[in-house]
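Okay, so here's the structure we're looking at.
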Amino acid sequence: MVFAVWLVMAAPGMGLAQNTETASLQGLSLVREPTGGAPQAVSRHTAASYAPVADGGGLDAYLATLTRSGGQGSLDERVADFNASKNRYSIEVRLSQRRLYLYENLPDGSRHLARAYTVAVPGRDMEAPQGWGVVTGISFEPWWRPTPAMKERARKQGKTLPEVVKPGVRENPMGPFKIILSHGYGFRIHGNNNPGSIGRPVTSGCIRMRNDEGKDLAKLIDVGTEVVFLQ
């Protein structure tokens, strides 16, 4: 599979000539779905319509740990545990609908729509995440560090953003959780400090959720969960 080869090539310190333990990664599998029509349960074995992108290091670093000595269980057991956790669910975000869909991946290769959420999406003049990627990190009560682009936009409006904002305060737009994505620098799914923004195209590039819904989602999924953005 193309995806499995990409993972092996991307993981630091993992060469294709390394021992046969790397072959275990060929068992990684993902859900694929045609891009048109309403979300529904579909076969996992349909053709891919999007390609992998560089993950920014989060998933690469995790996979690298699977090849190191020590830890609990054999490499095959650790890879199996990783596959089970990351393939339990998949996420699809339809930007034009301002909706996030959580699918449960079923043993027969199909998937079931488990939950649907209304979300805030990037503003019309903002870059939005595109295509296929994965979750590379999940954290709760995150600090907020404005990106250089955010600081520049604020300066043009006569405002100055802080270097960092601690968790649990009104000024922190991350809310109580963040899900880090492989789609590019700064792209996240996170909470909010402005509930009225949910359902609107107002973010600087991230996907913004209601806090309680997003915390529940973050507790269900794991690093490696597939995330696909569609228009």
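- Linking ILVMFWY residues whenever their side-chain heavy atoms come closer than 4.5 Å, directly or via other members, leaves I180 and V228 in distinct clusters.
- Applying the salt bridge (charged side-chain N to carboxylate O under 4.0 Å, His left out) test to R155 and every residue at least two apart in sequence or in another chain returns E152.
- Under the 4.5 Å side-chain criterion, counting only non-hydrogen atoms from C-beta, R188 is not in contact with P142.
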Which side-chain N or O atoms in residues 117-124 pair as donor and acceptor under 3.5 Å with protein atoms at least two apart or in another chain?
| from | atom 1 | to | atom 2 | distance (Å) |
| --- | --- | --- | --- | --- |
| T118 | OG1 | R99 | NH1 | 2.8 |

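- Within the 4.5 Å cutoff, the side chain of I179 has heavy atoms near those of the L217 side chain.
- Side-chain contact between H183 and V227: present, with at least one pair of heavy atoms (C-beta onward) separated by less than 4.5 Å.
- Between the CD atom of E213 and the CG atom of L100 there is a distance of 10.0 Å, given to the nearest 0.5 Å.
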Would S204 and R153 satisfy side-chain contact (heavy atoms from CB on, under 4.5 Å), going step by step from the backbone distance to the final call? CA-CA 10 Å; S204 296; R153 287 195 299 273; 2.9 Å; yes

Apply the test side-chain contact (heavy atoms from CB on, under 4.5 Å) to residues E92 and L230: give CA-CA distance (whole Å), side-chain angles for both, the deciding distance (0.1 Å), then the verdict. CA-CA 7 Å; E92 181 178 286; L230 303 172; 3.6 Å; yes

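- Using a 4.5 Å heavy-atom cutoff, the side chains of T225 and L220 are not in contact.
- From N192, atom CG reaches atom OG1 of T203 across 11.5 Å, with rounding to the nearest 0.5 Å.
- Chaining together hydrophobic side chains whose heavy atoms lie under 4.5 Å apart places V164 alongside W143.
- Considering only residues two or more places apart in sequence or on other chains, E171 meets the side-chain contact (heavy atoms from CB on, under 4.5 Å) condition with V165, V169.
- Proximity of F140 to K219: side-chain heavy atoms (C-beta onward) are separated by under 4.5 Å at one or more points.
- Partners of E127 according to the side-chain contact (heavy atoms from CB on, under 4.5 Å) rule, which considers only residues two or more places apart in sequence or in another chain, are F187.
- Closest approach of I91 and I221 over heavy atoms only: CD1-CD1, 4.0 Å.
- I189 is listed as a side-chain neighbour of M209, based on a closest heavy-atom distance under 4.5 Å.
- Contacts classified as side chain to side chain donor-acceptor pair (under 3.5 Å) and involving residues 158-169 (residues at least two apart or in different chains) are given here: K151-E163.
- Contact check for L181 versus I207: no side-chain heavy atoms found under the 4.5 Å cut-off.
- To the nearest 0.5 Å, atom CZ of residue R208 and atom CZ of residue R98 are 12.5 Å apart.
- Inter-residue side-chain proximity for K86 and V134 is flagged as unmet; no heavy-atom pair is nearer than 4.5 Å.
- No continuous path of hydrophobic side-chain contacts links V93 to I198 [ILVMFWY only; heavy atoms under 4.5 Å].
- When every heavy atom of A114 is checked against every heavy atom of E104, the shortest pair comes out as CB-N, 4.3 Å.
- Residue A128 comes nearest to L95 through the heavy atom pair CB-CD1, 4.0 Å, listed as atom of the first residue, atom of the second, then distance.
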Would N172 and N193 satisfy side-chain contact (heavy atoms from CB on, under 4.5 Å), going step by step from the backbone distance to the final call? CA-CA 7 Å; N172 188 336; N193 63 347; 5.7 Å; no

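- Minimum heavy-atom separation, N211 to P176: OD1-CD, 3.0 Å.
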